[in-house]
Number of protein chains: 2
Amino acid sequence: MPTVSSEELAAAAGVNSAKLRKDFSYLGSYGTRGVGYDVEYLVYQISRELGLTQDWPVVIVGIGNLGAALANYGGFASRGFRVAALIDADPSMAGKPVAGIPVQHSDELESIIRENGVHIGVIATPAGAAQEVCDRLVAAGVTSILNFAPTVLSVPDGVDVRKVDLSIELQILAFHEQRKAGEEAAARTAAGVPAPAATNATDGAERTSATDQGPDGDVPAVMPA
Amino acid sequence: MPTVSSEELAAAAGVNSAKLRKDFSYLGSYGTRGVGYDVEYLVYQISRELGLTQDWPVVIVGIGNLGAALANYGGFASRGFRVAALIDADPSMAGKPVAGIPVQHSDELESIIRENGVHIGVIATPAGAAQEVCDRLVAAGVTSILNFAPTVLSVPDGVDVRKVDLSIELQILAFHEQRKAGEEAAARTAAGVPAPAATNATDGAERTSATDQGPDGDVPAVMPA
DNA sequence: GACTGTGAAACTGTTCACAGCA
DNA sequence: TGCTGTGAACAGTTTCACAGTC
């Protein structure tokens with residue numbers, strides 16, 4: 001399949017073709033009228049725009065179950081990430097290979113970062129250690145941090161942090177599950193009990209049920225502490 | 001602190017107070033004019049709306065590093081999730097306790113689901129096994145699936161799937177990292193090279209740098225295959 | 001006086017619909 | 001003729017600003 005139309009791509013992605021064309025147009029005019037998009041060229045252009053053509057060395061700090069899972073995760077290499085080092089505070093881990101990479105002790109953290117020109121760090125430590133690790137990473141030159149520890153990290157301006165909460169996706173599922181149950185109940189009791197306030201409390205958040213398996217706005221932005 | 005104002009909450013959440021008040025108003029009128037929101041009551045109302053007051057039994061299928069990490073994750077219990085069972089296809093895992101819960105063989109999958117009234121399943125298997133596990137979960141009564149395997153699952157209507165890709169967050173960081181580098185370069189070359197197309201290609205996506213550490217719309221919705 | 005709740009205004013994002021090109 | 005690229009219409013979201021209540 002050398003070319004693809006916006007219609008085909010849109011169907012595969014579960015969006016409408018106008019949106020897809022408009023989005024692509026922001027990257028440039030990479031399509032051909034009457035024909036569609038050249039697949040190979042399009043993939044290259046999008047990859048470049050997203051930074052997939054670059055090599056990003058990353059370090060993973062905290063080699064417990066999660067750190068090991070991340071180290072073994074195959075998806076990284078194909079997206080331009082290279083695990084430059086695995087770091088753990090436990091001296092008995094030092095030297096042990098995980099996913100074929102020997103674990104290094106956290107004393108080495110600063111020199112590893114500097115020698116490999118690492119800008120991206122992954123924190124998979126227990127909550128208690130996360131802020132200290134974060135501070136050391138930043139001091140050594142890391143400017144982007146992916147945090148799996150259940151703490152909010154404070155960082156200086158210019159450093160990006162993204163926090164991944166493994167339970168938030170479950171919570172979103174439970175939220176919809178609850179709605180499903182509620183709708184059944186409402187359907188049974190001919191005229192359901194009205195919601196306390198505005199009618200759009202029960203808004204159009206039904207999933208498209210199409211190919212939509214991604215994390216996106218399905219839940220109010222504000223959560224309890 | 002018995003009560004809290006929309007202003008205080010908004011500052012803590014990194015949003016503006018009007019938005020917060022409007023959002024809360026969709027749940028009902030739980031505040032008091034001149035006073036603010038009663039913290040305990042507010043937490044309860046939001047928890048209820050999000051389904052946190054319910055007990056959700058979940059099963060985790062695939063007890064490798066990631067499955068074990070999930071089983072050990074403390075955040076689940078506090079959000080109303082109860083790990084009803086751990087399931088793995090490897091017979092040598094059977095009976096072995098992980099996070100204090102004995103692993104069960106996948107032959108038991110259907111009976112575990114039925115006996116525990118499980119509606120939510122977590123798939124942490126290799127990609128190859130995911131669709132089969134998914135089909136069995138659905139056949140046994142699961143209607144919400146959290147998929148960590150790098151495959152898109154097909155499910156019948158009425159079943160929710162959320163796919164978690166551990167590398168997508170890294171990719172978002174790399175995307176911003178690339179922009180940081182690009183901006184520096186542009187700043188150095190007095191008048192930077194113009195983007196191929198529209199001016200808003202480089203849009204206002206700078207992170208607020210405030211308390212914003214969550215996954216939210218920072219990246220185009222359409223990704224390469 | 002302080003703070004919520006909410007219409008209306010401003011803005012942002014999506015979809016339509018079609019001119020323009022291969 | 002078929003499909004992109006894009007102004008213009010539309011829809012949805014956020015913010016303003018203030019009336020209403022404690």
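Predicted model, so just to flag it, every value in this text is computed and none were measured. Below, read A as the first sequence line, B as the second, and so on, with proteins coming before strands; counting in each chain starts at 1.
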Distance, rounded to the nearest Å, where [X] contributes [atom1] and [N] contributes [atom2]:
{"X": "B:Y26", "N": "C:dG5", "atom1": "OH", "atom2": "C1'", "value": "11 Å"}
{"X": "A:Q45", "N": "D:dG5", "atom1": "CD", "atom2": "P", "value": "12 Å"}
{"X": "A:N16", "N": "D:dC10", "atom1": "CG", "atom2": "P", "value": "17 Å"}
{"X": "B:L20", "N": "C:dT6", "atom1": "CG", "atom2": "P", "value": "14 Å"}
{"X": "B:Y41", "N": "C:dT4", "atom1": "OH", "atom2": "C1'", "value": "15 Å"}
{"X": "B:D23", "N": "D:dT14", "atom1": "CG", "atom2": "C1'", "value": "10 Å"}
{"X": "B:E7", "N": "D:dA17", "atom1": "CD", "atom2": "C1'", "value": "14 Å"}
{"X": "A:L27", "N": "D:dG5", "atom1": "CG", "atom2": "P", "value": "11 Å"}

Open item on the list: Would B:L166 and A:F148 count as a side-chain contact (heavy atoms from CB on, under 4.5 Å) here? Give the steps.
Closed with: CA-CA 10 Å; B:L166 293 171; A:F148 285 89; 4.0 Å; yes
So if I take every side-chain heavy atom of [X] and compare against [options], which nucleotide ends up nearest?
{"X": "A:A18", "options": "C:dC16, C:dG5, C:dT4", "result": "C:dC16"}
{"X": "B:R21", "options": "C:dT4, D:dG5, D:dT15", "result": "C:dT4"}
{"X": "B:R33", "options": "D:dT14, D:dC3, D:dG20", "result": "D:dG20"}
{"X": "B:S25", "options": "C:dG5, D:dT4, D:dC16", "result": "C:dG5"}

TODO: Look at A:D160 together with B:R179 and state whether they make a salt bridge at an N to O cut-off of under 4.0 Å.
DONE: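 Salt bridge between A:D160 and B:R179, a charged N being under 4.0 Å from a carboxylate O: no.
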Quick check on [N]: is either OP1 or OP2 less than 4.0 Å from any side-chain nitrogen or oxygen of [X]?
{"X": "B:K22", "N": "C:dT6", "answer": "no"}
{"X": "B:Y37", "N": "D:dC22", "answer": "no"}
{"X": "A:T32", "N": "C:dA22", "answer": "no"}

Open item on the list: Could you report the tightest heavy-atom contact between B:P57 and B:V118, atom names first, then the distance?
Closed with: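 It is O-CG1, 3.7 Å.
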Open item on the list: For A:E40 and A:Y44, which I'm curious about, is there any donor-acceptor pair between the side chains at under 3.5 Å?
Closed with: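 No - no donor-acceptor pair under 3.5 Å links their side chains.
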Task: Closest-nucleotide ordering on DNA chain D, the 5'-leading residue of A:G31 and B:V35 - done: A:G31
TODO: Would you indicate whether the side-chain heavy atoms of B:Y37 and B:S6 approach each other to under 4.5 Å?
DONE: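 Sidechains of B:Y37 and B:S6: in contact.
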